[in-house]
Amino acid sequence: MRGTKQAFEIIAVSFSAIRANALRSILTTLGIVIGVGAVITMVALGEGAQRQVQEQIESIGTNVLSIRPMSSRSHGVASATNSRMYYSDAEALKAQSADIMLVAPEVSSRQQVTYTRWNANSEIFGTWPSYFEINRYELDIGRMFNEGEIQGRRRVAVVGASVPESLNTPAEFLVGQTIQVRGIPFEVIGVLMEKGSSNPWQDPDARVYVPATTALYRVFGGREYLNGISAMILNPDGMDAGYAEIDRVLRREHRIRPGENADFQIRSATDLLATFAETNQTFTFLLAGIAGISLLVGGIGIMNIMLVSVTERTREIGVRKALGATRRNIMFQFLVEALALCMLGGLIGVALGWGGAYALSELASWNTAVAPESVVIALAFSAGIGLFFGIWPAQRAASLEPIESLRYE
């Protein structure tokens, strides 16, 4: 009981010393505040992006496959390759695999879109109507283009939800009107419902969707190759059969012999999510590591101030020892001070990081999600820094001799 009372007294003395130099204490914790705040904000950004991508992939379904040209790598960086996907590949997959999958070619390029005196730089996306079914797009107004318009290379367009706003025209008024894509007139026949995206460079709501043949031969000047092909296996239990069928058809189209490496890659939505998660985790660790340096610098600053405090309070330490305080009591007092400073900075940093994540979400429309484990880790790391950098000043204070301390001026 006496030991507990003594511990509370020491803690009270420690907090009194902190309050006596309130401004210095706050300035001392700035490194910890900035470090913890940066950690919380960066991890919140990564977590928010991860959750949104996962939600989007889950909304599409795990039976959706993405077929892309194989890209070579040099020193970990993707480099150009002669491998390409062609419109004939999509036609072959559609003709020979119609009973097990839906197929849609993808070809895109950014072009200037104009309507009356308004214009926007939008992504022109050529595909088939099956693309909207594969990715679960829904119409808000109008209709999709059809097979006849694909075969006839008709100049019709279905626009994303944000395109009418970028052209300063209500969606219901834009349907039936003619827009210009690279100077080529297109009739707007439909407007999609909002889809949302975590990638500002590939926003489906800002796209202008046109028949793939129209995009290839009218907009892109006779281009025959695609960005890729989307496929959806109709029976989710037949994923392996779908992989095998795509591999068989494309190998024959590309004249690749058995045993040779394919010049294309087939990836599922789950694979894409895993790749994004790995990349996101790498960047999160990198940013958190940079923020951790601020914590380290803050810890050094706290150790420096604690050493100054030991020097300033040498006589006080001598008086306490003369009155019966043990080395353990003195060491405990200074450790509590260092720990309290770090925890104070950690709590302020958590509040700052949480506020920063909320501000980015509200003002910049970035997706953020503060993970509870990141808060716990940041506070635990702050406490660890307080103990680590507080040991030396505490030991120095505890090792002072009472007589020498009382004589100190």
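Only heavy atoms go into these numbers, but all of them, side chains included; no hydrogens, no water, no symmetry mates.
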Original post:
Would you say Trp354 and Thr41 make side-chain contact, with heavy atoms under 4.5 Å?
Top reply: no
Subject >> Test item: Ser166 side-chain N/O and Ala120 main-chain N/O as donor-acceptor pair under 3.5 Å >> reply: no
Original post:
Backbone N or O of Met70 within a donor-acceptor pair of the Asp263 side chain at under 3.5 Å?
Top reply: no
**OP:** Find out whether His254 and Met85 are in side-chain contact, i.e. whether some heavy atom of one side chain is under 4.5 Å from a heavy atom of the other.
**Re:** yes
Subject >> Any Phe264 side-chain heavy atom under 4.5 Å of Asp247 side chain >> reply: yes
**OP:** Take atom CD of Gln112 as the centre, draw a 6.0 Å sphere, and report whether it contains more than 12 heavy atoms from other residues, nucleotides or ligands.
**Re:** yes
Original post:
Any donor-acceptor pair under 3.5 Å linking the side chain of Thr169 with the backbone of Leu174?
Top reply: no
Per-pair distances, 0.1 Å, donor-acceptor, side chain in residues 177-186, under 3.5 Å, sequence neighbours excluded:
unit_1	atom_1	unit_2	atom_2	d
Arg182	NH1	Val219	O	2.5

**OP:** Kindly state each residue pair satisfying side-chain hydrogen bond (donor to acceptor under 3.5 Å, both in side chains) with at least one member in residues 214-224, sequence neighbours excluded.
**Re:** Arg223-Asn227
Subject >> Partners passing side-chain hydrogen bond (donor to acceptor under 3.5 Å, both in side chains) against Glu106 (at least two apart in sequence or in another chain) >> reply: Arg68, Ser230
Subject >> Any Ser361 side-chain heavy atom under 4.5 Å of Thr368 side chain >> reply: yes
Subject >> Tyr137, OH atom: more than 12 neighbouring heavy atoms under 6.0 Å >> reply: yes
Subject >> Distance-minimising heavy-atom pair for Ile189 and Glu149 >> reply: CD1-OE1, 4.3 Å
Subject >> Pro204 backbone acceptor or donor facing Tyr209 side chain under 3.5 Å >> reply: yes
**OP:** Show your reasoning for whether side-chain contact (heavy atoms from CB on, under 4.5 Å) applies to Val156 and Val210.
**Re:** CA-CA 6 Å; Val156 292; Val210 301; over 6 Å; no
Subject >> Minimum heavy-atom distance Gly345-Ile32, with the two atoms named >> reply: C-CG2, 3.7 Å
**OP:** Examine distances only and state if a side-chain atom of Ser108 and a backbone atom of Phe125 form a donor-acceptor pair shorter than 3.5 Å.
**Re:** no
Subject >> Side-chain (Asn135) to main-chain (Phe132) donor-acceptor, under 3.5 angstrom >> reply: no
Original post:
Are the side chain of Glu362 and the backbone of Ala359 linked by a donor-acceptor contact shorter than 3.5 Å?
Top reply: no
**OP:** Check Ile229 against Leu226 and note the closest heavy-atom contact, atom names and distance.
**Re:** CG1-CD1, 3.9 Å
**OP:** Heavy atoms only: give me the nearest Val208-Ala157 pair and the separation to one decimal.
**Re:** CG1-CB, 3.8 Å
Original post:
Just wondering, do Ile40 and Val36 contact through their side chains at under 4.5 Å, heavy atoms?
Top reply: yes
Original post:
Between Asn119 (side chain) and Val113 (backbone), is there a donor-acceptor pair under 3.5 Å?
Top reply: no
**OP:** Return yes if some donor-acceptor pair links the side-chain N/O of Arg84 with the main-chain N/O of Pro69 below 3.5 Å, else return no.
**Re:** no
Original post:
Is the closest side-chain heavy-atom distance between Ile67 and Arg267 below 4.5 Å?
Top reply: no
Original post:
Do Glu138 and Leu192 have side-chain heavy atoms sitting under 4.5 Å apart?
Top reply: no
**OP:** Take atom CD of Glu91 as the centre, draw a 6.0 Å sphere, and report whether it contains more than 12 heavy atoms from other residues, nucleotides or ligands.
**Re:** yes
Subject >> Thr213 side chain to Pro211 backbone, donor-acceptor under 3.5 Å >> reply: no
